[in-house]
Amino acid sequence: MHTNIDTHRIVSICEDTLETPNVKTLIFQDNLSFKAKPGQFLMVWIPGVEELPMSVMVSNTNDNAAITVKKYGIGSTALFQKKKGDVIGIRGPYGNYFRVSKKQKKVILIGGGTGLVPLMRLSVILNKMQISCTLIIGARSKPEILFYNFAKKILQNTKHKIIVTTEDGSFGIKGYPTDALIKILEHDKFDMAYTCGPELMMKKVYDISISYDLSLQASLERYMKCGVGICASCCINDKLVCTDGTVFNNKELKMMTDFGLIYRNKSGIKSHY
Amino acid sequence: MHTNIDTHRIVSICEDTLETPNVKTLIFQDNLSFKAKPGQFLMVWIPGVEELPMSVMVSNTNDNAAITVKKYGIGSTALFQKKKGDVIGIRGPYGNYFRVSKKQKKVILIGGGTGLVPLMRLSVILNKMQISCTLIIGARSKPEILFYNFAKKILQNTKHKIIVTTEDGSFGIKGYPTDALIKILEHDKFDMAYTCGPELMMKKVYDISISYDLSLQASLERYMKCGVGICASCCINDKLVCTDGTVFNNKELKMMTDFGLIYRNKSGIKSHY
Amino acid sequence: MKRSTKDILAVNLAGISLDNPLILASGFLGISQEIFTRLYHEFEVGAIVSKSISLNPMEGYRGPTVVPLENFNFLNAVGLSNPGSDSFSNEIKNNDVPLLVSLVGSQENEFPKLIKKFDKLCILGYEVNLSCPHVAKMGMEVGDDIELVYRIIKRIKSVTTKPVIIKIGIGNTNIVKIAEIAQDAGANAITAINTIRAMKIDIKTERPILSNKFGGLSGKAIKPIGIRSVYEISKNLNIPVVGCGGIFSWEDVIEYMLAGSSAVQIGSSIGYLGMSVFKEIKKGIMDYIKKKDLKNIMEIIGNAHKY
Amino acid sequence: MKRSTKDILAVNLAGISLDNPLILASGFLGISQEIFTRLYHEFEVGAIVSKSISLNPMEGYRGPTVVPLENFNFLNAVGLSNPGSDSFSNEIKNNDVPLLVSLVGSQENEFPKLIKKFDKLCILGYEVNLSCPHVAKMGMEVGDDIELVYRIIKRIKSVTTKPVIIKIGIGNTNIVKIAEIAQDAGANAITAINTIRAMKIDIKTERPILSNKFGGLSGKAIKPIGIRSVYEISKNLNIPVVGCGGIFSWEDVIEYMLAGSSAVQIGSSIGYLGMSVFKEIKKGIMDYIKKKDLKNIMEIIGNAHKY
Ligand SMILES: Cc1cc2nc3c(=O)[nH]c(=O)nc-3n(C[C@H](O)[C@H](O)[C@H](O)COP(=O)(O)OP(=O)(O)OC[C@H]3O[C@@H](n4cnc5c(N)ncnc54)[C@H](O)[C@@H]3O)c2cc1C
Ligand SMILES: Cc1cc2nc3c(=O)[nH]c(=O)nc-3n(C[C@H](O)[C@H](O)[C@H](O)COP(=O)(O)OP(=O)(O)OC[C@H]3O[C@@H](n4cnc5c(N)ncnc54)[C@H](O)[C@@H]3O)c2cc1C
Ligand SMILES: Cc1cc2nc3c(=O)[nH]c(=O)nc-3n(C[C@H](O)[C@H](O)[C@H](O)COP(=O)(O)O)c2cc1C
Ligand SMILES: Cc1cc2nc3c(=O)[nH]c(=O)nc-3n(C[C@H](O)[C@H](O)[C@H](O)COP(=O)(O)O)c2cc1C
Ligand code: FES
Ligand code: FES
């Protein structure tokens, strides 16, 4: 029915799953989001509270889509509190997406926090294309690890390895996902790396990719108001994350002198990370 | 390009032909009008002067359409003065149209003045469907006879008879087209009659059709402002000529107590013919 | 007890009971009694507002007077053409459908004369058009003169006991302010909004298309402005508001009612969807009411004010 | 002698020469110098108007602040969020593209302070936003106060020699009247129109979607109102008018110029067609000029006034 991706679609949540004590996945029926490509995002209206960009998560059933939200400030906390039967408004999916080519035989994914969401959608495709895949899941501690079992399931038909890093060492390797990445790159080669997570983590991934001559696609997150390229609140240097991105490659990232250093706050003032 | 029939299309006249000293055919390129059905009309904007409803005339070449205008008041005179290279605005085609069915073997057409225009478009179809056709062309005098040779040409592949009546007897049969109609009906039968012309003429045709138990389709002309069913300036009883018509059958005409008697003037006041 | 359609959809507007909240807007099909009868019986409108009637007949402007625009809009400058009060009171002398007569005039003393022609007839009441944006000395120019508005309404109320609805629009005065003046003067309800002054120029001929150059914009384009106006007016006034502008679907009607409309008027969509738009919208609202299990559609009026 | 593209499209606006008449409207992409540079070099805009800048930073409203609507429209209430004059003057300190700084304030004495921050920088001049329809005490509420408008402009003109464009909109005052006041006070040009106060209510949640409830309507819906405004203003004033509202194609630009615009501003279409809309429109205008064999696009300005 809705052919216009831009006008709000009000959807009922038909399933909610607690992923960790602070992270919840909300599933709803929406054909347009069901077809979203990995890395694309929705603008999610939490009625009466806020509108927030959220990456499209994997859902298992046809015509369904999902988002996975981490409790944080006012907006995300209100969204986190939504449960089965509640309604939210969505528009999109917006933005470009992770590119996968048949020539890629072996890829590596580095995700931190809810940055793992687009990487899950990407994993579904890698699995289907039978591309060999190493996934690094970064978390602060064991209870915060996202999608460990889920990833195993959606990667089951392709050769894969899942590595978890925790900052406190309560599970998997102690340290940051970027530490794990360097270790792996010491003795292994990949056709492409994909990353999403906190910008500082992605900046490190980028720096590493340069050292190791690794092709990279990073999905950036910036403060977004419109999602459609008119307000510039999401800008990083001369690029708009919502329409030129969210996914940028090494070449583009190289030109972004603000990447990992400077963001704009709600007023549009440049601030340092 | 234009898929919206409602917004004005500005077209250049590519050919103009004088049909009689007071009647001119203007040809222009327009795919939507080219596909118009017989009886449908355009709203024609004469820039700076007026907008008038005009039946769609036959044009010979693909993608072209035509109108045939008779010099009368301010609007039609300005339109009559348009020539090759001039521009007019058109919207439409609007309205319903003459219905033709394969079951009809033999039909009769009664036209007066520019009312012959939709009958020409109808004739093209009758010719194609090889339906036997008697056409009565009514005119005041010889110089005002419309489409006599043209009708012969477009009816060439079907059995046809063309009868001309003139009020002054300067050509064909002296009298009104309705006189000729009665004479023909005395000894001949038809599956359908089609008429367009002055309302008083059509009213007579209708009365005759009742006496002779003849099926009839009449294309009515009323003062039109919008052409799309919102202003009611074209109303006749509870029908809108622009959207319920212009073509009505015996059954519908029977309910129209105003038919041939009462019309509404520019202010919407009921007036007698 | 099963409720009938009538009960569920019935609304009360300034003392007038309507079968349903869908009213034909003024200027649409508004001059013929036979069409009114058809609209009521065949298309099930809740009520009809006539074309705005002036004391004397008006021919209106030369064509083009109605210009369809992209995206389901119209631009019009018919010049308030209408048969005048004598002819129109004769037209509706045997009226038996729910009809409001729309009145237009440029001077205060025209209105009592107008009322005199219609007050004995079987009509629901009046709508006073103070908001036509393209006829000099009528409509909007009147509507922008706050003192004149007050006097006209006072005068009308002094000569009739029938309900009087004041139709206002987006002109050069704050719409809430005019509405308040109207309420103070005794208006029984407000209709908002009328068309908005606008223009289209054809780039090939370099001419404004309307013969009057300027006209009024109606249709989908103005709905967000209509919704805002209804919300603001109904939040500030005590008398009911009738929403108008860009209604094409039952969802649009619900949006207007949530904003605070007690009933709605529908015009331009007839040009794109035909008269059957009334029946289709009615059906949509019925389904909505059933799904939400409401007792009556009036329950939702102004619900958006909570936020 | 063959004319270059630049000659054919160049326009003069209140003493400012622009490569072409296509200006980025205020509030669109208007906070980043790097984006300004990209718009000028990659997308060939004629000039850029910055986001409206206030003395101090403003966070703006919570989301949703921008609501895309049907038929290529937007409703927005960003709440004039902007980095403030200190931060923004630092942002553009090395500017070398044709930039107008848009100013907004609620009090007369804020404007001289604003001018002080920007007057030494390499900018073309100022646009003063007197027409934001949804921020209390800023924009429209200022724009509707005719005497305040006069004083603000006088004050601004007394502290800068740079051209000052006044941006007005559809508020509660006759737009021609405000334009005339602005001209009298010394404005060098008028931009018309801004967004129009409007609202959208979601019928499932029964809530206004914008966090601020009310916002401004922009996009295709408002073009006929913009055209009318430009026509009326330019017919009555001597200073140039910049048309704004609903421009999506080269045909729209031509229509605005025939109505009397010396240049145009483009906003909402970027959201539906991308920044490349500037280049595409520019190409369309070039073809138009060639077909009509004009020496310069300025020849058509106000041609529709003949009728
Ligand atoms: C493309 C994209 C995809 C995202 N995907 C997810 C996801 O899948 N799951 C998830 O939990 N979060 C995701 N986020 C982050 C999310 O949009 C919010 O930023 C986060 O939930 C915090 O919002 P808040 O209102 O609770 O925080 P607040 O307390 O309001 O703000 C905290 C910080 O969050 C950031 N923020 C707030 N509002 C926005 C906004 N409208 N756009 C971007 N950043 C904002 C700002 O940096 C702000 O300083 C995504 C962000 C982007 C840009
Ligand atoms: C469906 C339809 C098809 C028509 N087809 C043709 C055609 O093919 N060729 C042709 O020459 N004429 C046609 N006409 C008639 C034409 O529209 C004009 O009515 C006629 O040309 C006289 O217009 P005018 O402005 O010159 O006359 P005016 O001097 O302005 O008016 C003379 C009379 O013409 C009638 N008239 C004027 N304007 C209109 C109008 N907008 N709509 C209807 N009647 C009007 C009125 O009865 C008026 O009293 C058609 C009319 C209709 C309704
Ligand atoms: C052709 C036309 C004629 C109109 N005539 C009148 C009128 O006579 N009196 C009046 O109050 N409003 C008149 N209007 C305004 C409508 O009643 C209505 O307020 C407006 O069109 C907005 O509603 P819509 O978007 O549903 O059409 C007219 C509108 C149109 C398009
Ligand atoms: C999101 C958004 C933000 C805007 N911010 C401003 C602003 O800060 N100052 C201003 O003068 N106009 C602002 N406007 C109005 C535009 O400059 C423009 O006048 C209006 O959008 C109409 O043009 P359009 O239809 O091309 O968008 C804004 C419009 C939008 C949609
Ligand atoms: S979020 Fe508005 S431009 Fe990207
Ligand atoms: S011409 Fe307007 S309703 Fe028929």
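Just so it is clear, the structure is predicted and the values come from calculations on it, not from any experiment. Labels below follow one simple rule: chain letters A, B, ... track the order of the sequence lines, proteins then strands, and each chain is numbered from 1.
- Residue K177(C) does not touch chain D at all, counting heavy-atom pairs closer than 4.5 Å.
- Residue I254(C) touches chain D through both its backbone and its side chain, counting heavy-atom pairs closer than 4.5 Å.
- Here CG of N73(C) is found 11.0 Å from NZ of K223(D). Values are rounded to the nearest 0.5 Å.
- Chosen from I227(C), N174(C), L75(C), the residue pairing most often with chain D at heavy-atom distances under 4.5 Å is N174(C).
- Checked for salt-bridge contact, E251(C) and K200(D) miss the test: no charged N lies under 4.0 Å from a carboxylate O.
- Nearest heavy-atom pair, A221(D) versus L217(C), reported as atom, atom and distance to 0.1 Å: O-CD2, 3.6 Å.
- Of all heavy-atom pairs between P208(D) and A304(C), the closest is CD-O, 4.1 Å.
- Between chain C and the options H305(D), E70(D), E255(D), K292(D), heavy-atom pairs under 4.5 Å are most frequent for E255(D).
- The contact between N71(D) and chain C is made by backbone and side chain atoms together, counting heavy-atom distances below 4.5 Å.
- The greatest number of non-hydrogen atom pairs below 4.5 Å with chain D, out of M199(C), M257(C), K220(C), is found for M199(C).
- In this structure, chain C has no heavy atom under 4.5 Å from any part of I222(D).
- Using a 4.5 Å cut-off between heavy atoms, T205(C) contacts chain D through its backbone alone, with no side-chain atom that close.
- Rounding to the nearest 0.5 angstrom, the gap separating the CD atom in E232(D) from the NZ atom in K213(C) is 10.5 Å.
- The number of heavy atoms from other shown groups lying within 6.0 Å of NZ (K235(D)) is above 12.
- Heavy-atom pairs under 4.5 Å with chain D were tallied for F214(C), Y288(C), F72(C); the largest tally goes to F214(C).
- For chain C, no part of Y256(D) is nearby; none of its heavy atoms comes within less than 4.5 Å.
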Could you walk me through whether N172(D) and T173(C) pass side chain to side chain contact (heavy atoms under 4.5 Å, CB included), step by step? CA-CA 4 Å; N172(D) 299 321; T173(C) 315; 5.9 Å; no
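- Shortest non-hydrogen contact noted between L258(C) and D202(D) is CD1-O, 4.3 Å.
- Most heavy-atom pairs under 4.5 Å with chain D: of the set L69(C), I225(C), I175(C), this distinction falls to I225(C).
- The contact between I201(D) and chain C is made by backbone and side chain atoms together, counting heavy-atom distances below 4.5 Å.
- Rounded to the nearest 0.5 Å, atoms CD1 (I196(D)) and CD1 (I170(C)) are 8.5 Å apart.
- A distance of 12.0 Å separates CG of N303(C) from CD1 of I203(D), quoted to the nearest 0.5 Å.
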